[in-house]
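Everything numeric here is computed off the predicted structure, so don't read it as measured data. Nothing fancy with the numbering, it's 1 onward along the sequence.
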Amino acid sequence: MIKKRIIPCLDVKDGRVVKGINFRGLRDIGDPVELAARYNAEGADELVFLDVSATDEGHGLMLDVIRQTAETLFIPLAVGGGIRTADDIGRLLGAGADKVSINSAALARPALIAEAAGRFGSQCVCLSVDAGWDEEAGDWFCFTHGGKKQTDVRVLDWVREGEQQGAGEILLTSMQADGTKNGFDLPLLKAVESAVSVPVIASGGAGAARDFVELFRETGVSAGLAASIFHSRETSVGEVKALLKESGVPVRELAGGVLK
């Protein structure tokens, strides 16, 4: 049985970890390298760094953060944000990232997914999708620019195309649920994981360890991602995994400091 993954997410702006609600009202959380080391020790299966910097200086700092973090991590590191070309992806992988997450640039030019998969392998390419519900249209649409701009691209159409282009994984964030701590957006997740055959990472809405139990009981996604509840120590990766194991959900556990 495939074991489910628990993934802390660090939104990094100008070299610092930040967090907001519904993609807005960002506040400083701490040093990304220190937080990454903490989650590595707690038994996280992977880490995601999302670069939300608005300046070139901030993007440069991100490369330094990746290098410093990669030196100490023993788990995969995914990085996203500010990626425009396959060369950008190469720089991130060269700095120590194991895979990259692409969003706005892929929507602007879907061939970027195929280029990246061709150069670096599908396992290195994660398609990040910020999904928002449009009440009038009765459907989910893709958003860009940190959730500020709605596109005319429907989420289910886009994830299917992303898989066809070569994306090896989908990182799906529900904008309505993000930061609310009211639980994952199960209808959205069920719809997307039914539309594709690649693994789906659920993001947005985790408020307690029990939300991960509901996530894996109700959907077939392969991983659950969270930020604020881990950053603020409302729960820990270890507590989430303990509850999942108790609930019959298979997870990797720490044994002698190594995930098994």
Side-chain angles (χ1 to χ4, degrees), residues 4-5 7 9 11 20-24 48 50-52 78-84 89 99-117 122 124-206 211-212 214-216 218-227:
K4 303 297 186 179
R5 293 172 289 154
I7 305 175
C9 178
D11 294 325
I21 298 176
N22 300 130
F23 287 41
R24 291 171 175 79
V48 170
L50 295 181
D51 186 358
V52 297
V79 180
I83 296 169
R84 296 178 180 84
I89 293 171
K99 54 187 173 183
V100 296
S101 171
I102 52 178
N103 185 345
S104 300
L107 277 164
R109 193 171 67 87
L112 174 61
I113 303 171
E115 289 175 12
S122 291
C124 290
V125 183
C126 177
L127 180 62
S128 179
V129 180
D130 294 335
W133 177 257
D134 186 310
E135 193 66 42
E136 185 175 344
D139 204 353
W140 293 282
F141 285 82
C142 298
F143 280 67
T144 62
H145 299 82
K148 296 181 181 68
K149 295 185 179 181
Q150 180 174 340
T151 71
D152 60 359
V153 180
R154 296 175 187 265
V155 168
L156 296 184
D157 292 338
W158 179 230
V159 295
R160 292 189 188 101
E161 181 176 357
E163 181 179 18
Q164 291 172 358
Q165 291 280 357
E169 193 169 46
I170 307 291
L171 171 54
L172 180 66
T173 300
S174 167
M175 289 178 51
Q176 274 77 21
D178 180 71
T180 64
K181 300 183 182 179
N182 292 325
F184 291 96
D185 190 335
L186 300 181
L188 169 64
L189 292 162
K190 288 178 181 178
V192 169
E193 57 118 344
S194 296
V196 297
S197 59
V198 296
V200 175
I201 301 172
S203 171
D211 290 330
F212 289 88
E214 182 182 43
L215 170 69
F216 294 126
E218 298 295 327
T219 78
V221 302
S222 67
L225 178 149

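- The closest side-chain heavy-atom distance from V129 to W158 is below 4.5 Å.
- Each of I201, N103, L172 was checked for a side chain to side chain contact (heavy atoms under 4.5 Å, CB included) with S128, and the lone residue meeting it is N103.
- Between the side chains of Q150 and D134, at least one donor-acceptor pair of N or O atoms lies under 3.5 Å.
- To the nearest 0.5 Å, atom CG of residue L186 and atom CD of residue E218 are 6.5 Å apart.
- Although no hydrogens or angles enter the test, the distance criterion places a donor-acceptor pair under 3.5 Å between the side chain of Q176 and the main chain of W133.
- Nearest heavy-atom pair across V159 and A195 is CG2-CB, 4.3 Å.
- Minimum interatomic distance between G166 and S122 (heavy atoms only, all atoms of both residues): O-OG, 2.7 Å.
- To the nearest 0.5 angstrom, W140 atom CH2 is 6.5 Å from D185 atom CG.
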- Task: Begin from the C-alpha positions of L127 and I113 and carry the test side chain to side chain contact (heavy atoms under 4.5 Å, CB included) through to its verdict.
- Result: CA-CA 8 Å; L127 180 62; I113 303 171; 4.0 Å; yes
- Before giving the answer on side chain to side chain contact (heavy atoms under 4.5 Å, CB included), spell out for F184 and D211 the whole-Å C-alpha distance, their side-chain angles and the decisive distance to 0.1 Å. CA-CA 7 Å; F184 291 96; D211 290 330; 4.3 Å; yes
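- Considering every non-hydrogen atom in both G183 and A177, the closest pair reads O-CB, 4.0 Å.
- In this structure, R109 places its CZ atom where more than 12 heavy-atom neighbours from other residues, nucleotides or ligands lie under 6.0 Å away.
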- Task: For the pair E169 and R5, evaluate salt bridge (charged side-chain N to carboxylate O under 4.0 Å, His left out) and give the outcome as yes or no after the intermediate values.
- Result: CA-CA 13 Å; E169 193 169 46; R5 293 172 289 154; 2.7 Å; yes
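- When atom types are taken as modelled, the side chain of T144 and the backbone of S104 share no donor-acceptor pair closer than 3.5 angstrom.
- In this structure, CD1 on I89 lies 5.0 Å from CG on L112, to the nearest 0.5 angstrom.
- For C9 against L50, the heavy-atom pair with the smallest separation is SG-CD1, 3.9 Å.
- Proximity of a side-chain donor or acceptor of T173 to a complementary backbone N or O of M175 within less than 3.5 Å is not detected.
- Between C142 and D130 the shortest side-chain heavy-atom distance does not fall below 4.5 Å.
- A side chain to side chain contact (heavy atoms under 4.5 Å, CB included) with C126 holds for exactly one of I102, V48, L171; it is L171.
- Residues V155 and A131 share a closest heavy-atom pair of CG2-CB, 3.6 Å.
- Distance check, rounded to the nearest 0.5 Å: NZ of K149 to CG of L107 gives 12.5 Å.
- For T219 (side chain) and F216 (main-chain N/O), no donor-acceptor pair under 3.5 Å exists by modelled atom type.
- Between R154 and D139, the closest heavy-atom pair is NH1-OD2, 2.9 Å.
- With rounding to the nearest 0.5 angstrom, the CG atom of L188 is 5.5 Å from the OG atom of S174.
- For the atom pair CZ (R160) and CD (Q165), the distance works out to 15.0 Å, reported to the nearest 0.5 Å.
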